[in-house]
Structure formats: structure tokens, C-alpha cells
2 protein chains.
Amino acid sequence: MTATAKKDSCLTCDAKHTSALCSSPDVLRIIYSIKVNCHYKAGQMIFQQGQEPLGLFAVQSGLVKLEVNSHDGHAHTLRILGTGGVVGYRSLFAREPYKANAVAMEDTSLCYIPKTELFQVFVEHPEATLNFMQSICKDLRSAEEKWVDQMDKEASERVAEAILFLQDHFHDQKWTRKEIAQWAGTTPETVMRALSQFEKDGLIEQAGRRIIILNRAGLHSKAAQI
Amino acid sequence: MTATAKKDSCLTCDAKHTSALCSSPDVLRIIYSIKVNCHYKAGQMIFQQGQEPLGLFAVQSGLVKLEVNSHDGHAHTLRILGTGGVVGYRSLFAREPYKANAVAMEDTSLCYIPKTELFQVFVEHPEATLNFMQSICKDLRSAEEKWVDQMDKEASERVAEAILFLQDHFHDQKWTRKEIAQWAGTTPETVMRALSQFEKDGLIEQAGRRIIILNRAGLHSKAAQI
DNA sequence: AATTAAATATGATGGGCATCATGTTTGCGG
DNA sequence: CCGCAAACATGATGCCCATCATATTTAATT
């Protein structure tokens with residue numbers, strides 16, 4: 001972990017209003033007193049499958065992906081977190097070693113919050129706990145929906161869904177075919193063919209490596225099971 | 001909901017030690033004071049997608065499945081809960097309508113706990129909340145693992161995994177090919193062929209509609225990605 | 001006990017998509 | 001600015017598995 005001495009202010013933090021951790025000014029003040037800032041370069045690993053969680057990470061700026069590596073070298077992206085996202089909470093609260101790797105997708109600043117102090121916050125601020133539980137339960141929904149989609153939808157439908165999701169949550173971000181594939185549960189080649197088709201249909205436009213959505217409704221109807 | 005006047009005792013309840021809700025004698029006493037017992041016949045629906053959650057359900061005895069129905073009439077089983085399991089918490093804590101149906105797979109007794117009182121318990125007993133969060137985080141892990149398995153493993157591997165899981169968690173339960181398929185993310189025919197093969201390989205034995213595992217290690221190696 | 005629906009069991013067929021292969025383009029580091 | 005690795009792009013191939021079909025057995029219902 002690469003902690004810096006300087007502590008960024010929580011008051012001017014972009015994530016203040018969106019993070020499930022910073023639910024009230026009260027809690028925000030305490031979090032500020034216990035957090036430590038860490039900085040990661042693009043591609044750097046934040047934690048790794050098998051390690052013991054000692055705290056959790058809140059994304060101040062940048063982008064983090066959680067991914068699992070299967071036996072045959074294939075990687076699957078479980079979650080992607082931008083500003084306000086919380087990384088490493090699942091294993092921490094499940095009280096088990098990390099089951100996935102957390103990787104900085106670009107230069108990223110995180111707030112590290114040691115577990116003992118964090119648990120203390122939750123014990124003293126039940127409304128913060130319930131607020132955070134809401135966020136976890138939404139993640140659970142996403143995961144279960146992803147499994148169902150994997151069966152019910154065709155690969156191209158999942159790709160349409162993926163680029164809509166990625167666009168909505170991380171606008172103006174560039175994605176490689178591989179990254180989209182690992183998120184959508186398919187291969188780069190299949191993503192490729194789907195994107196070509198979408199472009200041919202006038203749904204998207206590819207400016208270099210950036211995807212521009214021309215017909216949002218059209219893409220949605222491609223993604224949706226009627 | 002079919003609530004009865006009679007209130008079953010929490011002190012003699014089988015689920016007392018296994019349920020994530022009944023974490024301490026203290027909490028157990030409060031839960032007892034606010035719960036209501038409900039009974040459902042096999043096949044009966046407990047709640048339905050789209051409805052507003054008003055509380056949650058703890059399984060006292062019986063078996064409950066959570067399933068989603070996709071557009072084309074296909075059903076997928078998200079979770080199966082036996083004694084001690086908690087049903088309906090995800091939507092309640094996410095503060096959104098139910099996204100799945102809860103169905104009693106056999107005659108089932110539940111403890112219904114209204115949300116207002118439940119939140120009160122959690123506010124006053126932070127350790128109960130954190131205990132419950134652990135359980136949620138494990139469910140999240142299961143869901144994410146299920147998605148990964150859906151891609152990495154072949155159908156027969158998932159079937160092997162499924163019958164091991166179902167056996168471990170709900171021993172001596174009878175399962176139809178369809179139920180196994182909806183859990184394993186495949187079709188009854190594919191389950192069929194996998195089971196036939198397993199029997200041919202001497203891994204299992206089918207006594208009527210009950211599956212007997214003869215070679216546990218062998219099945220495990222079928223299920224596992226080396 | 002008779003009737004009917006549901007579950008079991010297997011075979012045949014076809015399509016979706018992963019895999020491999022190959023050429024081109026992009027973009028980064030020296 | 002150049003070279004090389006990574007990403008893009010598209011074609012060819014094969015196979016896993018969903019789907020459909022059909023016969024048999026089991027279980028439930030009257």
C-alpha cells in the first residue's frame with residue numbers, strides 16, 4: 001500500500017454525496033479522522049485474492065475493477081468502481097480472505113479505512129450501517145441479475161447492455177474490447193462483431209477507441225428481453 | 001399471508017443457532033416479541049416480484065426458493081433457503097420492490113418480522129446488524145461465483161456442483177431434474193444426461209427420485225476446474 | 001382402479017459463440 | 001521518430017448445449 005502523509009479533505013471530496021460510506025456530516029467527520037490516503041498507478045494491484053482484509057477502500061478519484069481469474073487464465077470483471085465506490089467490503093464483512101483481485105484501471109486515489117475503526121463507526125452509527133447495507137443489497141441484485149442475463153440474453157444483447165451501463169456510470173471513459181468482454185461475460189471477438197453490427201445499424205459510432213452512443217433507445221431495445 | 005394466532009417459541013426453534021438473525025439471546029428475545037408465525041402449503045407463493053416489502057421472513061421449517069421468471073417463461077432459482085434461512089431481506093434493505101418470487105417448495109413455517117420493528121432491533125443492536133451483514137456478504141459471494149461458474153464450467157460440471165451443494169445443505173431432499181436445472185443454470189435434459197453419465201461412472205445412484213452420492217471425491221473432481 | 005398430468009429418459013438437429021488464425025492499425029516507450 | 005507490442009478487425013471451424021420430438025414411467029386426482 002502506498003500511503004501518503006498528506007490527508008485530502010473530505011469536505012471538498014467529489015465522492016461526499018455519492019458514497020454509501022459518507023452518509024451524514026457526522027459520519028463524514030469521523031471517517032476523515034481515521035482515513036488514510038493511498039495512490040495507485042494505472043494497472044497497479046490494490047489487493048489480491050487470498051489476502052486477509054485489514055480495512056476497506058473508498059474511491060476518491062480514478063477507477064478500480066474487481067476481477068477473478070479462472071484456472072484457464074480467463075479474467076472476469078465482477079464490479080467496476082468509480083468515485084464514491086467502495087472496494088474490499090465484501091470479504092471484510094464476510095470475515096474471509098479476498099476472493100478477487102482489485103486493480104486500478106487508471107491512476108487512482110483511495111481512502112483506506114482500517115477495519116477496527118470502521119467497525120467502531122458502524123457500531124456507533126446504526127443509520128450509517130443500514131445505509132451501507134442498502135448499497136450491498138443493490139450489489140447483490142446486480143450480481144444475481146448478471147447471472148440470469150448470462151443465460152437469458154444473447155452475447156450481443158449483453159454487449160449492448162454493457163456499453164450502456166459503462167457509459168452511464170463512467171462517461172467519457174475509453175474501453176478496450178477485452179474490458180467490455182470481461183464485463184459482459186463474452187470474448188473480445190464477440191464484442192467486436194456486436195459493435196460492428198451496432199455501428200452498421202447506426203446505433204453507435206466509434207471515434208478511435210471511444211464509443212459514442214447515437215441511438216440510446218435503439219440500443220436499449222437491443223439489450224432488453226422483450 | 002396466512003398468519004396464525006399461535007406463536008411458536010424461539011427457545012425451542014431449530015433455527016436458533018443457525019439463523020443470521022438470531023445472533024444473541026438478547027436479540028432472540030426481542031425477535032420473539034415482534035414476530036408472527038405464518039404457514040404455507042407446498043407450492044404456495046410467499047411474495048411476488050413487484051410487491052413492496054413490508055418485513056422479512058425467517059424459515060422455521062420447510063424449504064423456500066427465490067426465483068426469477070424471464071420473459072420467455074424460463075425460471076431461474078437464485079437462492080434456496082431451509083431452516084434458519086432469511087427470505088426477502090434483499091429488497092427490504094435495498095428499499096425497492098421485490099425482484100424475485102418466493103415460493104414454498106414444501107409445507108413451510110415462517111416467522112414474519114415487520115420492517116419497522118426489525119429496523120429498531122438493528123438500530124439498538126449493532127452487533128446483530130454486523131452479524132447479518134456477514135450473511136449478506138456471503139450471499140453476494142455465492143451470486144458472483146455463480147456467474148463466473150456459468151461461463152467457466154461446462155453444464156455437467158455445474159450439475160455435479162449442484163447436486164453436491166443441494167445434498168450438503170438439504171440432505172435427504174428429493175429434487176426433480178427441472179429443479180436441479182434451474183439451480184445449475186441449464187435444462188432438465190442436460191441434467192438428465194449428466195446424471196446418467198455420473199451413474200454410469202459409478203459416482204451416484206438414483207433410487208427413484210432421490211440421488212445417492214457414492215463417490216463424493218469423484219463428483220467433486222468433476223465439478224472442479226483443475 | 002382408471003384417467004391424466006407430470007416427470008423421466010434418449011435421440012436428432014441446429015445455431016450461437018468460443019476458438020484459432022491472420023492481417024491491419026494504434027499508440028506507447030526508448 | 002521509429003519499432004514493437006497491444007489492440008483492432010474479420011474470416012473459418014467446430015462443438016457444446018438448447019431445442020424439439022417422442023416413448024416410457026411415475027405420481028396425483030377423481
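Reckoned from all heavy atoms, side chains included, excluding hydrogens, waters and symmetry mates. Labels below follow one simple rule: chain letters A, B, ... track the order of the sequence lines, proteins then strands, and each chain is numbered from 1.
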N/O-N/O pairs, protein side and nucleotides 15-17 of chain D side, under 3.5 Å:
{"residue": "D:dC17", "atom": "OP1", "partner": "B:Ala155", "partner atom": "N", "Å": "3.0"}

Give every pair of a protein N or O atom and an N or O atom of nucleotides 6-11 of chain C that lie under 3.5 Å apart, one pair per line with the distance.
{"residue": "C:dA7", "atom": "O3'", "partner": "B:Arg209", "partner atom": "NH2", "Å": "3.4"}
{"residue": "C:dT8", "atom": "OP1", "partner": "B:Arg209", "partner atom": "NE", "Å": "3.4"}
{"residue": "C:dT8", "atom": "OP2", "partner": "B:Arg177", "partner atom": "N", "Å": "3.2"}
{"residue": "C:dA9", "atom": "OP2", "partner": "B:Arg177", "partner atom": "NE", "Å": "3.4"}
{"residue": "C:dA9", "atom": "OP2", "partner": "B:Arg177", "partner atom": "NH2", "Å": "3.0"}
{"residue": "C:dT10", "atom": "OP2", "partner": "B:Ser196", "partner atom": "OG", "Å": "3.0"}
{"residue": "C:dG11", "atom": "N7", "partner": "B:Arg193", "partner atom": "NH1", "Å": "3.1"}
{"residue": "C:dG11", "atom": "O6", "partner": "B:Arg193", "partner atom": "NH2", "Å": "3.2"}

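Residues A:Tyr98 and A:Gln48 share a closest heavy-atom pair of CB-O, 3.6 Å. When all heavy atoms of B:Ile80 and B:Met105 are compared, the closest pair comes out as CG2-SD, 4.2 Å.
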inquiry  = side chain to side chain contact (heavy atoms under 4.5 Å, CB included), that's the test. Do B:Asp14 and B:Ser61 meet it? Break it down for me.
reply    = CA-CA 8 Å; B:Asp14 286 342; B:Ser61 68; over 6 Å; no

Open item on the list: Test side chain to side chain contact (heavy atoms under 4.5 Å, CB included) on A:Ile211 and A:Leu166; report intermediate values, then the result.
Closed with: CA-CA 10 Å; A:Ile211 296 166; A:Leu166 295 172; over 6 Å; no

ask   = Taking it one step at a time, do B:Val87 and B:Ile46 satisfy side chain to side chain contact (heavy atoms under 4.5 Å, CB included)?
value = CA-CA 9 Å; B:Val87 185; B:Ile46 296 157; 5.6 Å; no

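Here A:Phe165 pairs with A:His169, A:Trp183 under the ring-ring contact (aromatic ring centres under 6.0 Å, His included) rule; sequence neighbours left out. Partners of A:Phe132 by ring-ring contact (aromatic ring centres under 6.0 Å, His included), not counting sequence neighbours, listed by chain and number: A:Tyr89, A:Phe93, A:Phe122.
A donor-acceptor pair under 3.5 Å links the side-chain atoms of A:Thr108 to the main chain of A:Leu63, judged by distance alone. With hydrogens and angles ignored, the 3.5 Å screen pairs no side-chain donor or acceptor of A:Ser91 with any backbone N or O of A:Gly88. Side-chain N or O atoms of B:Lys153 include one that pairs as donor or acceptor with a backbone N or O of B:Ala223 at under 3.5 Å.
Annotation: proximity of residues 73-80 of chain B to DNA chain C (heavy atom, distance under 4.0 Å) is found for no residue.
With salt bridges taken as basic N to acidic carboxylate O contacts below 4.0 Å, one links B:Asp201 and B:Lys222. Classification of A:Arg90 and A:Glu96 as a salt-bridged pair holds, one side-chain N sitting under 4.0 Å from a carboxylate O. Salt-bridge annotation for B:Arg79 and A:Glu144: present, with a side-chain N of the basic residue lying under 4.0 Å from a carboxylate O of the acidic one.
Between its two ends, the helix from C:dA1-D:dT30 to C:dG30-D:dC1 turns its axis by 50°, counting five pairs per end and rounding to 10 degrees.
If you take CD of A:Glu179 and P of D:dA6, they are 14 Å apart, rounded to a whole angstrom.
DNA chain D is contacted by both B:Gly185 and B:Lys174; B:Gly185 maps to the nucleotide lying nearer its 5′ end (nearest heavy atom per residue).
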